[in-house]
Amino acid sequence: MNSVKVAPRRWRGVALAATAVILLGAGIATANAATVGGNAGGNKPKAAAVKDPTRGAKGVAGLVNAANAFLDTLTDDQKASVLLDFTSDNATAWSNLPCGSSCRVGIQLSTLTDDQLTAAKAVLTAATGTGTGSGFDQISDILAADDNLAAQGSTGGGGAPPSSDASAPAADPSASAPAGTPPSGDPGAGGGGGGGYGSGLYLLAFLGTPSATGTWQLHFGGHHLAVNLTYKKGKVAGTTPFFIGVEPTSFIDDDGNTVQALAKQKDAISALVASLSTKQLTSAKLTESFSDVLLGPDKDGQFPATKEGVSVKALSPKQKKLVLDAIRPWVSIADDATAQQLLKTYESQLDKTFIGYSGTTALDTQGDYVRIDGPGVWIEFVCQNGVVYNNQIHFHTVYRDHTRDYGGEFSF
Amino acid sequence: MSATLLLFGASPASAHPMPHSVVLLDVHETSVTAQLEIPLGDLATASGIDVSQQDALRSYLTAHIRPVTTTGEAWTVSVGDLSVTATEQSSTGPYQELLASATLTPPPGGDLRHFLFRYDVVVHQVVTHTVLVSVRQDWAAGQVDADAVQVGTIEIDTRTMTVPALTVNLRGGSTWSGFVAMVRLGGNHILAGTDHLLFLLILLLPAPLLAARGRWRSTVGARTAVTRIGRTTLAFTVGHSVALAVSALTHLRFPAWPVEAFIAASILVGAIHAVRPLFPGREALVAGVFGLGHGMAFSFTLAEMQLSTGRLALSLLGFNLGIELVQVLLVALALPALIVLARLPIGRPFRLTAATVTGLAATGWLAARLGLANPLASAADSVGEHPTPMLLTLTATALAATAWTARTRFRARADRVRQRPPTAA
């Protein structure tokens, strides 16, 4: 599973193009001596800036430039749906469900022009990690998996069969989970509570005005994905809550490549629990059973008062490294520098961190569950029966931080 | 610790792709019935009991359903029949669930409308499971046919990892609101049940006509027609009221389909009678006899509610009153048109068309109720789903008929005036 080659897919091309643009545009950008902001009004979509959306700036300054470049491509009406207040209501408007815009805020990707979409993706690229299988690359895979579900829904079983089980497509015609809305669905496609599947039904919002000095949040998500990156005075103040899940866990895309969007997370968690001795497993075993993550949407600030499982303090140095390795794939939703910083913090808290599990450690059966709970970090990984691919499992995971969710802006 | 969720104050379903449990409460006079819908997967994980072990499952359920009074006194709980069915919730995909019914009874003197619902079936172990609790029927609060109203959600408090009891505070109920709700239910029942109304109207259609030598021929006087309509309507009322009262009070349970088929047959007979007189002059008797069947059908609605004897008697009264009020209103609306149409040249084609359409609907219903589903029956049923256009049409015909009568009389008087000899040059 580790050796699966991940070849170019739809979003990869965009990322490459964006990188090329960045390199080409760097010189022009400095020559332009452009200022941050300056997005004029007007109700016509503007042509995409053919230059580096970050204008060569690094970190939050670069992200803010990319965000403004995206805003510049929007009409006033579109801007109004992207630029929202940084309130608790808006920040917590995320879900793991395929409920489209009925449970989320922001602008739906399916409503954007090609230029606008390119600019939107440049924002996500600037905000998230660069590794293969994590950060923006992983986001692309989650969206691709949702396109697979959409195709599954609209063809009634004719989509690309998942690599791990060729007979997986729901054979039962009555297995009509929320009907597959075409990915390029109309703006209202995600409404009405039912929503649907597809990369068009993901929404992007800026809560507060993007700036390198103020407080604001990048808010992006859809089915199986919720990215909440909070910025304060030019620094990343919170990388959580970050919900990421996937169905199917493995599939073959149109180009014949195997896509396993959550491979990094699953493999790292597997390695960690596999390293535990029988005795350690006994103390890691949780008494409760789980059919989902405990702290999903609407469970903000509801961390259990008592930490459960085996104390990382009691683990060997090698095992401690495996704990950090297990945390890394989630933290990598943030830009690389922030991820490194956060990992250092979590490393310093390892002795007060606990590992718990429920079900089995194989991570292949409904109810298999692993939790990492520290003074800061909170990660849950759970296996659930499939919804579209009924005879497979799928993954739900959530990464929270006891003190940094939404940048610590709200108390729950 | 308890989560107080008042009626109408609860949040909607939680964001779970995993199916949740459903508890539907029917609030009776001395007890509450809880209909449970529990997803089998999580139930097996939580209880470790196979669904075939009914006794073990029943003990498990009893141990985890423990309502108490607001002062902490335990209610008694008895779990009835269990069954398994396939179902699906939004975003879950298909799955199997256990259906169970539990009777919850407060201790003597205990308040039925305010209690702590301690329920942790599945949730005690599968900590991500949620339970949606709704009131499906609450006679005293006037909730007799509406959709279930959610009273709250039972789920674990993740901070303490305990399951708080759900405080159930039902809004103040009274005998009066229960009675009024039954009047409304009776009225709606006859409006939506096209078949009862159609039977009566088709029987009234030839009331203004005189039968002679096996045909409907001339008309009778308006006064005679009104008397006939009154007598037939009254006989129908007596017939269905007697049957409703007897079958409801004696808890007589007829199987539904023969009764429903009998009703369809009664309409068919009425339609034929409107074309050719089968029993001229004895419409009232026929209405009374067939009315018995219609009354039995009305009693099914009451039987489903499983009311105590006291409430049953009141419900019977209210329900029947609602039926009669709407029936009288509709007959009054139809009456002018019936009398006027019989006197017009289009009276005959109208009567034949109405009888044919009704006959077709009745045949469709008869076939459907004998087990042969058909589009005729569904089309006829759908009329009952739109009572407003039906009422408007009836009102319009009543107004038109009244206007026609008034104009005819005015003309007749004008003619008389014109025929008077001129008195001055």
Side-chain angles (χ1 to χ4, degrees), chain A residues 94-99 103 170 172-179 192-197 223-224 226 243 245 247 286-306 308 358-359 365-367 369 378 380 382 384-391 394 396 412, chain B residues 1 3 5 10-21 38-49 60 64 85-98 120-132 150 152-164:
Chain A
W94 57 270
S95 173
N96 54 283
L97 291 177
C99 44
C103 58
D172 179 4
S174 70
S176 52
Y197 302 122
H223 181 218
H224 279 154
F243 186 102
E247 177 178 14
L286 304 173
T287 54
E288 306 95 349
S289 309
F290 300 83
S291 54
D292 203 343
V293 295
L294 191 65
L295 300 184
D298 301 323
K299 298 290 179 193
D300 300 293
Q302 312 281 303
F303 300 96
T306 313
E308 295 179 280
S358 180
T365 309
Q366 151 101 7
Y369 172 92
W378 168 278
E380 292 179 89
V382 69
Q384 296 183 336
N385 287 332
V387 170
V388 173
Y389 294 100
N390 299 128
N391 50 1
H394 80 287
H396 274 195
F412 297 99
Chain B
M1 185 164 181
L5 289 155
S11 61
S14 52
H16 271 240
M18 301 308 297
H20 52 255
S21 291
I38 310 168
L40 276 196
D42 280 357
L43 178 65
T45 306
S47 67
I49 303 167
Y60 168 79
H64 291 278
T85 180
T87 185
E88 181 164 359
Q89 291 166 3
S90 64
S91 304
T92 62
Y95 64 96
Q96 289 208 303
E97 69 180 9
L98 179 80
D120 66 353
V121 175
V122 179
V123 190
H124 70 96
Q125 177 59 34
V126 182
V127 292
T128 48
H129 194 86
T130 56
V131 184
L132 263 53
Q150 196 177 325
T153 305
I154 294 173
E155 61 186 341
I156 200 145
D157 176 340
T158 56
R159 285 174 166 141
T160 59
M161 293 306 282
T162 56
V163 183

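Small disclaimer: the values here were computed from a predicted structure and weren't measured. Convention: sequence-line order gives letters A, B, ...; per-chain numbering from 1.
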Participant: Check whether any side-chain heavy atom of Ile156(B) lies under 4.5 Å from a side-chain heavy atom of Gln302(A), and answer yes or no.
Facilitator: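 Heavy-atom side-chain distance check fails, nothing below 4.5 Å.
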Participant: Checking the side chain of Gln125(B) only, and the main-chain atoms of Thr287(A) only, is there a donor and an acceptor separated by less than 3.5 Å?
Facilitator: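 Here the side-chain-to-backbone pair exists.
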Participant: With a 4.5 Å limit on heavy-atom distance, are the side chains of Asp42(B) and Gln366(A) in contact?
Facilitator: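 Touching, per the 4.5 Å side-chain cut-off.
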Participant: Check step by step if side-chain contact (heavy atoms from CB on, under 4.5 Å) holds for Val127(B) and Phe290(A).
Facilitator: CA-CA 6 Å; Val127(B) 292; Phe290(A) 300 83; 3.4 Å; yes
Participant: Show your reasoning for whether side-chain contact (heavy atoms from CB on, under 4.5 Å) applies to Thr128(B) and Val293(A).
Facilitator: CA-CA 7 Å; Thr128(B) 48; Val293(A) 295; over 6 Å; no
Participant: Would Thr45(B) and Ser289(A) count as having a side-chain donor-acceptor pair, cut-off 3.5 Å?
Facilitator: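 No - no donor-acceptor pair under 3.5 Å links their side chains.
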Participant: Walk me through it: do Glu288(A) and His124(B) pass the test side-chain contact (heavy atoms from CB on, under 4.5 Å)?
Facilitator: CA-CA 8 Å; Glu288(A) 306 95 349; His124(B) 70 96; over 6 Å; no
Participant: Answer yes or no: is there a side-chain heavy-atom contact under 4.5 Å between Lys299(A) and Glu155(B)?
Facilitator: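 Side-chain contact under 4.5 Å: yes.
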Participant: Is the closest side-chain heavy-atom distance between Leu295(A) and Thr158(B) below 4.5 Å?
Facilitator: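 Leu295(A) vs Thr158(B): side chains touch.
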